[in-house]
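All remarks here apply to the structure that follows.
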2 protein chains.
Amino acid sequence: MPEASSPTQTSSQTRADDAFRFLQAAIIKGELAPGEKIGEVELCDRFNLTRGPLREALGRLESRGLLVRKPHAGVRVVSISGDELLELYHIREVMEGLAARQAAERMNQKEVAELHALLDGHEKMVAEAHGLAYFQAEGDYDFHFCIVTGSQNQKLVQMLMGDLYYLLRLYRCRFSTAPGRPQKALKEHRHIAEAIALGDGELAQFLMQRHIRAARNNIESRLKDGDITL
Amino acid sequence: MPEASSPTQTSSQTRADDAFRFLQAAIIKGELAPGEKIGEVELCDRFNLTRGPLREALGRLESRGLLVRKPHAGVRVVSISGDELLELYHIREVMEGLAARQAAERMNQKEVAELHALLDGHEKMVAEAHGLAYFQAEGDYDFHFCIVTGSQNQKLVQMLMGDLYYLLRLYRCRFSTAPGRPQKALKEHRHIAEAIALGDGELAQFLMQRHIRAARNNIESRLKDGDITL
DNA sequence: TGTGGTCATATTGTCAACAATCTAAGCCTT
DNA sequence: AAGGCTTAGATTGTTGACAATATGACCACA
């Protein structure tokens, strides 16, 4: 069992917050593997926690879908099937479509300029990777994150960030990029950003949905081809 | 402070489950009012719980958006603004649209027949209320619940049931019915069910989205007219 | 060898006590 | 009267011990 991310002292308000962060990071990094059964006592030893805050963190991670808890029997890291992954993409499609529409209606000029600048940075990145990768850093530098935030629909942000994104991140690095896909994805991002800049909500929604549907179709065909197993 | 729902002994697996159920019911019934600050010790006295399971229940309710917790400062029942309510309806529109589409693709003939029977029962109910109300019991007898379940998209069910429906139920009984609206809503339900029976996912999605948009528009105009304050 | 029963141990759920933090009341100054 | 400071008490967060439940090892029997 490799040693997990080292917990360093931080400015969080509660130990439960710490616990949540440690565990989530360990899950996303695969240090706690999908399907793996994990025990409270072991986790407490490993992350230097006591059971109270740990249990609270487990509850939060459960509500995010990252863990599956069974009363009296313990906790497993979630493991989702190919079909379930595709269902997540269906949900993502409609929700991010809505986010793009609302972003088009609500983002101001400064924010739109920042979005374009973000894409300029991404374009440089793709070029440096010789078109072989389009890796987006998490958080503020992620295109999708910026659109969802730009929707200014707090509940939508919360649901996507809380319920979907972390779950999807368990799997994202599994999909090596199809040839030419980074440039294409970047172009699609550009089109979406342009629709948003024009305030054309309907078009932004349409383009975002198409973009995510393309990703879903890609995953679906690769699952069928047996290129990927989950 | 009126006495809350009486906790009766049930067959749940943990006291945390009990606590969750008691509290959720009290919130939905308005016994714990929107915006109200609630204290752990008081809740323990009231529901005959200890703080461990109670805190776990509070965490779950927080993740469902029914409570707002602030570290070291306590818990409040959520209170959402008119704008926030309308945002929820936007989300509901796209997600239930997806649910209707997937239900059209996946529900079998028996399930579709049950859906029609459900609507027959609703029609009788509306007639008995002389067109003045279209009250749907929660759970299995709720049209929307049946559609979402019929989508067979587990994550979608979970997100709608876990993140949206209970929140919306805090507010539903606030909206007295516009004249003629029950019959209209029932007719819209019928159309949706017919599209599902035909397996026409696109039409089912369109009709469901229109149905929910109508509800949102109704709420929006009444908020603007000052008919309703939250 | 396979199946069922028993029991010890490990693990999860709960409890009560202690620690940490916040809030409101009281007092003093302007 | 209003504002600021201090402190006691209330409340929330954590801890460790005990209770409840599940699991796996071992044994007996067919």
Side-chain angles (χ1 to χ4, degrees), chain A residues 1 4 7-24 26-27 31-33 35-79, chain B residues 1 4 7-24 26-27 31-33 35-79:
Chain A
M1 177 74 76
T8 56
Q9 280 302 107
T10 61
S11 62
S12 78
Q13 294 182 277
T14 67
R15 288 295 278 161
D17 291 341
D18 292 337
F20 176 78
R21 207 168 52 248
F22 301 158
L23 285 174
Q24 186 170 253
I27 292 168
E31 289 163 7
L32 296 176
E36 180 179 353
K37 186 166 182 195
I38 55 182
E40 297 182 4
V41 176
E42 176 208 334
L43 291 174
C44 286
D45 288 344
R46 192 160 152 180
F47 295 109
N48 190 33
L49 297 162
T50 58
R51 288 182 57 228
L54 177 87
R55 290 180 61 81
E56 187 154 327
L58 293 178
R60 291 189 208 167
L61 289 160
E62 182 188 22
S63 74
R64 289 211 161 174
L66 293 176
L67 296 180
V68 181
R69 261 174 134 187
K70 190 173 169 193
H72 297 292
V75 181
R76 279 188 194 277
V77 179
V78 74
S79 172
Chain B
M1 179 73 76
T8 56
Q9 281 302 107
T10 61
S11 60
S12 77
Q13 293 182 274
T14 66
R15 289 296 276 162
D17 291 341
D18 292 338
F20 176 77
R21 206 171 50 250
F22 300 159
L23 285 174
Q24 186 169 253
I27 292 167
E31 291 163 6
L32 296 175
E36 181 178 351
K37 185 164 185 200
I38 54 182
E40 296 180 6
V41 175
E42 174 207 337
L43 290 174
C44 287
D45 289 344
R46 191 159 153 184
F47 296 108
N48 189 32
L49 297 162
T50 57
R51 289 183 54 229
L54 178 87
R55 288 180 63 82
E56 184 153 331
L58 292 177
R60 291 189 207 169
L61 288 161
E62 183 189 21
S63 74
R64 289 211 161 175
L66 293 177
L67 297 180
V68 180
R69 262 175 134 186
K70 191 172 168 192
H72 298 291
V75 181
R76 278 184 196 281
V77 179
V78 74
S79 172

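Naming convention: chains lettered A, B, ... in sequence-line order (proteins, then strands); numbering from 1 in each chain.
- Contact of the B:L43 side chain with the B:V75 side chain is not registered, since no non-hydrogen atoms from C-beta on lie closer than 4.5 Å.
- In this structure, the nucleotide among C:dT14, C:dT21, D:dT12 sitting nearest to the side chain of A:R51 is C:dT14.
- Toward the 5' end of DNA chain D, the nearer of the two residues A:D17 and A:P71, judged by each one's closest nucleotide, is A:D17.
- Contact annotation: the side chain of A:L67 approaches that of A:V77 to within less than 4.5 Å [non-hydrogen atoms, C-beta and beyond].
- In this structure, A:L49 reaches neither bases nor backbone, as no heavy-atom distance under 4.0 Å exists between it and the strands shown.
- The separation between A:E42 atom CD and C:dT11 atom P is 9 Å, rounded to whole Å.
- Taking every side-chain heavy atom of B:H72 into account, D:dG13 is the closest of C:dT14, D:dG13, D:dA22.
- Contacts between residues 52-61 of chain A and DNA chain D, defined by a heavy-atom separation under 4.0 Å, are made by A:G52, A:P53.
- Remark: P of D:dA22 and CD of A:E40 are 15 Å apart, rounded to the nearest angstrom.
- We find that NZ of B:K70 is positioned 15 Å from P of C:dT21, with the value rounded to whole Å.
- Residue pairs meeting the side chain to side chain donor-acceptor pair (under 3.5 Å) criterion with at least one member in residues 67-76 of chain B, sequence neighbours excluded: A:E56-B:R69.
- Taking only side-chain atoms of B:A73, from C-beta outward, the nucleotide of C:dT23, C:dT12, D:dT14 with the closest atom is C:dT23.
- Atom CG of B:D45 and atom P of D:dT11 are 10 Å apart (whole Å).
- Checked against side-chain hydrogen bond (donor to acceptor under 3.5 Å, both in side chains), A:E62 has no partners two or more places apart in sequence or in another chain.
- The side chain of B:R15 has C:dT14 as its nearest neighbour among C:dT14, C:dG13, D:dT14.
- Between the C1' atom of D:dA20 and the CD atom of B:Q13 lies a distance of 13 Å, rounded to the nearest Å.
- The shortest side-chain heavy-atom distance between B:R15 and B:F47 does not fall under the 4.5 Å cut-off.
- Across B:I38, B:V41, B:L32, a single residue satisfies side-chain contact (heavy atoms from CB on, under 4.5 Å) together with B:R46, and that is B:L32.
- For the 3.5 Å distance criterion, the side chains of B:Q24 and B:R60 fail to qualify, holding no donor opposite an acceptor.
- To the nearest angstrom, P of C:dT11 lies 9 Å from NZ of A:K37.
- Candidate nucleotides C:dT14, C:dT12, D:dG13 were compared by shortest atom distance to the side chain of A:V41, and C:dT12 ranks first.
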